[in-house]
Amino acid sequence: MLITADMKMADLIHLDFQLLAVIQRIGINLGFREKTIDEVCKENDVDTDFFIQIARSFHDKDYFPKEKFFTFKAEWLIHFLRRTHQCILEYKIPEIEEKIKLMVEDLKETTRNYELIKNFFTEYIRELRVHMELEETQVFPYVLALSECIESKTKTEGFEKYFNEYNIQRYLEDHNDIEEKVFDLKNILIKYLPPPTDSCKYNSLLFEIFKLEKDLQDHSKLEDKVLIPKVKLMENELENL
Amino acid sequence: MVRILVAEPSYLVRKGLSTILNELKTVTQIEEISSADEIREALTSIIPNMIIINTTISSMPQVEEDIRKHTPDAAVISIFNTPIPKNTNEKTLSVFDDKSVLINKLRSQVKSVQQTYIQQENSEELSEREREVLQKIALGKTNKEVANELFISTHTVISHRKNITRKLGIKTVSGLTVYAILNQIISMEDIS
């Protein structure tokens, strides 16, 4: 079903509960009563069209209006990406970490295999943090400064001072793939690790890993297909001011 | 599992192809892309056994080269936006083909793909050589070091690595290390 502005916000969640993540990350709280998407967005100072486009593309992987996304403010996108980082680092990752630790505890008498998994995941968390911190401390501030310059039609002082030498190409050069290890972890758990007796815990761990992978894929798609091309356009615009 | 990449700019045609492929009842993973920009990433991430590609995409610069480089064994089927004569090669489809023609051509192609290298893939066992390469990679050696130690070229090491990744479904070095320990190819003490 096509998501539209006159749809009730509560119905949207019934349609696809995964969109709860979008609603939370865009900065909207639950408790909608009978309000429509448009009404809820306006109350929360969220651009309705931006919300609709994000919700549609998270709901249906074939729907991805790239050009349309370029027209939205970079700030909105960054705000959304930041909340996603936060959610992944502060909530999803610790949850998986906790589950792995439990497995190690439960099985330490019989096998050391889960320590391997734990170490593998610890290494992954470190990489993920580095990756996300780089975006938080360099890329996002850069894009915000760039956007300010374009709005004021001149290179601002702050931009000249901090980012005159920087461009998005530099970021792309040391931008590494953060999904590969999750893919590996999934396959190791499904195919190669002898399963423990309590498969309920095991399944719930795998389930969380699948969700994390999907979340990271959606996140990277927004960064790679929208944010970065948009920043390139903005860089050109600044050049031609 | 037959992995198929559909590279077709038209959403309608793409969906139509996916629908027909899904009717084939073979376990398939279908990935869709709409432009030449996305092809390299798709080739390396899903490593398709079969590529169904519109000629407007395959004629773009670099595309054929990328396919040859990343998936030299994949069966490539072309889709034409124009009508094509009947009884042409089974590796060409036209958007004007009717369902019976399409389904016959696709079925025989998928079948032949299945027979040729799905068999190899199902015998997921690594070859003796691949085990040796894996052991060294898992110990943290570079492609070059592995090549020197086994008296083979780096190129060969890379191609072994591709096969290992394809067979095991593990892409990163740390993932391969975990696999190697679980399967007693190396021991935990070796890496500490």
Side-chain angles (χ1 to χ4, degrees), chain A residues 57 60-67 100 103-104 107-108 111-128 131 172 175-196 206 209 213 216-217 220-221 223-226 228-229 232, chain B residues 1 3 6 8-19 29-35 37-38 40-42 44-47 121-122 124-126 134 137-138 140 161 164-192:
Chain A
S57 51
D60 171 1
K61 81 178 175 70
D62 284 333
Y63 186 93
F64 200 72
K66 225 166 122 180
E67 305 293 323
I100 296 179
M103 302 282 267
V104 175
L107 296 159
K108 68 179 175 201
T111 168
R112 288 179 65 203
N113 285 343
Y114 288 89
E115 279 173 43
L116 279 177
I117 301 295
K118 196 181 102 199
N119 295 342
F120 182 82
F121 198 66
T122 310
E123 189 186 306
Y124 175 69
I125 299 174
R126 206 162 42 227
E127 277 173 31
L128 192 66
H131 177 99
L172 289 174
H175 179 56
N176 53 357
D177 195 324
I178 50 165
E179 286 141 61
E180 281 189 341
K181 277 217 166 88
V182 181
F183 176 88
D184 284 1
L185 183 58
K186 205 176 65 181
N187 269 332
I188 290 170
L189 291 176
I190 298 174
K191 289 163 77 178
Y192 304 114
L193 204 63
L206 253 176
I209 295 172
E213 189 187 34
L216 289 172
Q217 279 166 351
S220 303
K221 193 170 169 188
E223 288 183 352
D224 299 345
K225 302 241 154 89
V226 182
I228 290 165
K232 284 184 178 160
Chain B
M1 187 155 82
R3 292 184 300 270
V6 178
E8 159 63 50
S10 151
Y11 174 74
L12 289 175
V13 174
R14 220 156 58 224
K15 281 295 147 201
L17 277 168
S18 294
T19 308
Q29 178 195 350
I30 303 166
E31 180 78 21
E32 299 171 16
I33 57 168
S34 59
S35 71
D37 309 338
E38 300 162 81
R40 190 170 307 169
E41 196 194 320
T44 49
S45 67
I46 76 158
I47 321 175
E121 209 166 293
N122 283 347
E124 169 250 271
E125 285 302 297
L126 296 178
L134 172 63
I137 298 287
R161 282 188 71 160
I164 294 170
T165 293
R166 179 173 56 75
K167 286 184 181 176
L168 303 181
I170 301 178
K171 295 175 181 172
T172 65
V173 174
S174 354
L176 291 172
T177 307
V178 173
Y179 174 87
I181 297 175
L182 288 177
N183 290 277
Q184 278 119 38
I185 295 172
I186 61 171
S187 75
M188 216 160 320
E189 287 70 39
D190 288 339
I191 49 162
S192 48

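Proteins get letters first, then strands, A, B, ... in listed order; numbering begins at 1 in each.
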Chain B contact via A:I117 - side chain, backbone, both or neither, heavy atoms under 4.5 Å: side chain
Nearest-0.5 Å distance that lies between atom CD in A:E179 and atom NZ in B:K171: 8.5 Å
OG1-CD distance between B:T172 and A:E123, expressed to the nearest 0.5 angstrom: 8.0 Å
Check ion pair B:R14-A:D62 (N to O, under 4.0 angstrom): no
Value rounded to 0.5 Å, distance of CD1 in B:I181 from CG in A:N113: 9.0 Å
Inter-residue atom distance B:L168.CG - A:Y192.OH, 0.5 Å rounding: 4.0 Å
Student check: side-chain heavy atoms of B:E41 and A:D224 closer than 4.5 Å: no
A:D184 side, atom CG; B:S174 side, atom OG - distance, nearest 0.5 Å: 7.5 Å
For the student: nearest non-hydrogen atoms of B:K167 and A:K191, plus distance: O-NZ, 3.8 Å
Gap separating the NZ atom of A:K66 from the OG atom of B:S34, nearest 0.5 angstrom: 8.0 Å
